[in-house]
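To keep things clear, I will list the structure first and then write my remarks on it.
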Amino acid sequence: MATETHESTEAAGHDGGSGGLPQFDPQWWPGTIAWTLIVFVVILVFMRFVAVPRIGGTIADRDDRISGDIARARQLKAEADAQAEAAAAERAKARAEAQKLAQDSRTQARAEVAERLAAEEAKLAESSGKAEAAIFAARDRAMANVGDIAAQTALVIVEKLTGRAASPAEAAAVQAGRG
């Protein structure tokens with residue numbers, strides 16, 4: 001029985017062709033070419049009417065979405081730029097108002113200081129005038145007494161040097177000589 005199967009396999013192998021690959025056997029080429037063309041046409045029709053339109057639609061949708069996103073981003077940027085300009089204008093206005101307020105405050109403070117300084121200078125001038133008048137009066141009183149003090153000092157010096165007291169006539173002459 002083993003020999004029969006071996007013989008039938010050999011007979012089938014010899015009857016089936018050259019024993020190589022069927023792709024290289026020219027008798028199979030027309031069927032392979034026909035099926036290749038059929039599969040190619042089916043794939044071509046599928047790609048043309050199903051896959052490519054879907055891919056194209058997806059690409060178009062994506063392009064539309066990207067364009068919309070870019071337009072929205074440009075719009076938001078324009079709004080942000082406008083808000084930034086408005087904020088900068090408000091900041092500049094507030095800075096100008098603050099500087100004006102500070103300048104007004106400085107001017108007012110300077111005026112108040114100048115007013116107080118003038119009042120203090122007036123008080124100081126008045127006090128200085130009174131002090132000078134008092135000094136002049138004290139000097140005049142002192143100068144009036146200087147002659148008497150000088151005459152008395154001269155009499156005391158003469159008495160110490162000579163050992164004798166000055167006579168009333170000499171004392172009167174000394175006091176008369178100062179005037």
Side-chain angles (χ1 to χ4, degrees), residues 1-139 142:
M1 187 121 157
T3 50
E4 287 178 24
T5 34
H6 182 58
E7 288 175 8
S8 65
T9 312
E10 284 180 11
H14 288 291
D15 292 337
S18 66
L21 294 174
Q23 299 92 308
F24 295 124
D25 189 3
Q27 82 177 13
W28 297 105
W29 286 0
T32 302
I33 291 173
W35 278 109
T36 302
L37 287 175
I38 291 171
V39 168
F40 179 75
V41 168
V42 167
I43 290 174
L44 183 67
V45 168
F46 173 77
M47 292 298 288
R48 170 70 176 95
F49 293 109
V50 177
V52 170
R54 285 186 183 175
I55 292 172
T58 303
I59 291 173
D61 290 344
R62 189 173 132 221
D63 286 344
D64 290 344
R65 187 177 45 214
I66 290 171
S67 297
D69 290 346
I70 289 173
R72 178 72 178 145
R74 286 184 179 150
Q75 178 187 4
L76 291 174
K77 183 184 181 304
E79 290 173 5
D81 289 344
Q83 289 176 354
E85 288 177 13
E90 286 178 20
R91 230 182 4 257
K93 182 181 175 185
R95 183 177 295 124
E97 288 177 3
Q99 288 175 347
K100 182 180 181 291
L101 181 61
Q103 183 62 33
D104 291 346
S105 296
R106 280 192 294 268
T107 303
Q108 183 180 2
R110 285 181 185 150
E112 288 175 4
V113 167
E115 183 180 317
R116 287 180 187 167
L117 184 61
E120 290 299 319
E121 285 179 356
K123 287 179 185 177
L124 184 61
E126 182 182 334
S127 297
S128 177
K130 288 179 181 178
E132 283 181 10
I135 289 171
F136 288 138
R139 186 193 67 185

Next on the checklist: Among residues at least two apart in sequence or on other chains, which ones pass side chain to side chain contact (heavy atoms under 4.5 Å, CB included) with R106?
Outcome noted: A102, Q103, R110
Checklist entry - How long is the gap from CH2 on W35 to CH2 on W28, to the nearest 0.5 Å? => result 13.5 Å
Item to check | E115, CD: over 12 other non-hydrogen atoms inside 6.0 angstrom | outcome: no
Item to check | From CZ (F49) to CZ (R54), nearest 0.5 Å | outcome: 14.5 Å
Item to check | Ion pair R116/E120, N-O distance below 4.0 Å | outcome: no
Item to check | Inter-residue atom distance R62.CZ - D69.CG, 0.5 Å rounding | outcome: 11.5 Å
Item to check | For E112, side chain to side chain contact (heavy atoms under 4.5 Å, CB included) partners two or more places apart | outcome: Q108
Checklist entry - Between atom CD1 of I43 and atom CD1 of I38, what is the distance when rounded to the nearest 0.5 Å? => result 12.0 Å
Item to check | Residues I55, I59; criterion side chain to side chain contact (heavy atoms under 4.5 Å, CB included); working and verdict | outcome: CA-CA 6 Å; I55 292 172; I59 291 173; 3.8 Å; yes
Checklist entry - Can you tell me how far the CD1 atom of I70 sits from the NZ atom of K77, to the nearest 0.5 Å? => result 14.0 Å
Next on the checklist: Could you measure the distance from the NZ atom of K123 to the OG atom of S128? Nearest 0.5 Å is fine.
Outcome noted: 15.5 Å
Next on the checklist: I'd like to know if D61 pairs up with R65 as an ion pair, taking the criterion as any Lys NZ or Arg NE/NH1/NH2 lying under 4.0 Å from an Asp or Glu carboxylate oxygen.
Outcome noted: no
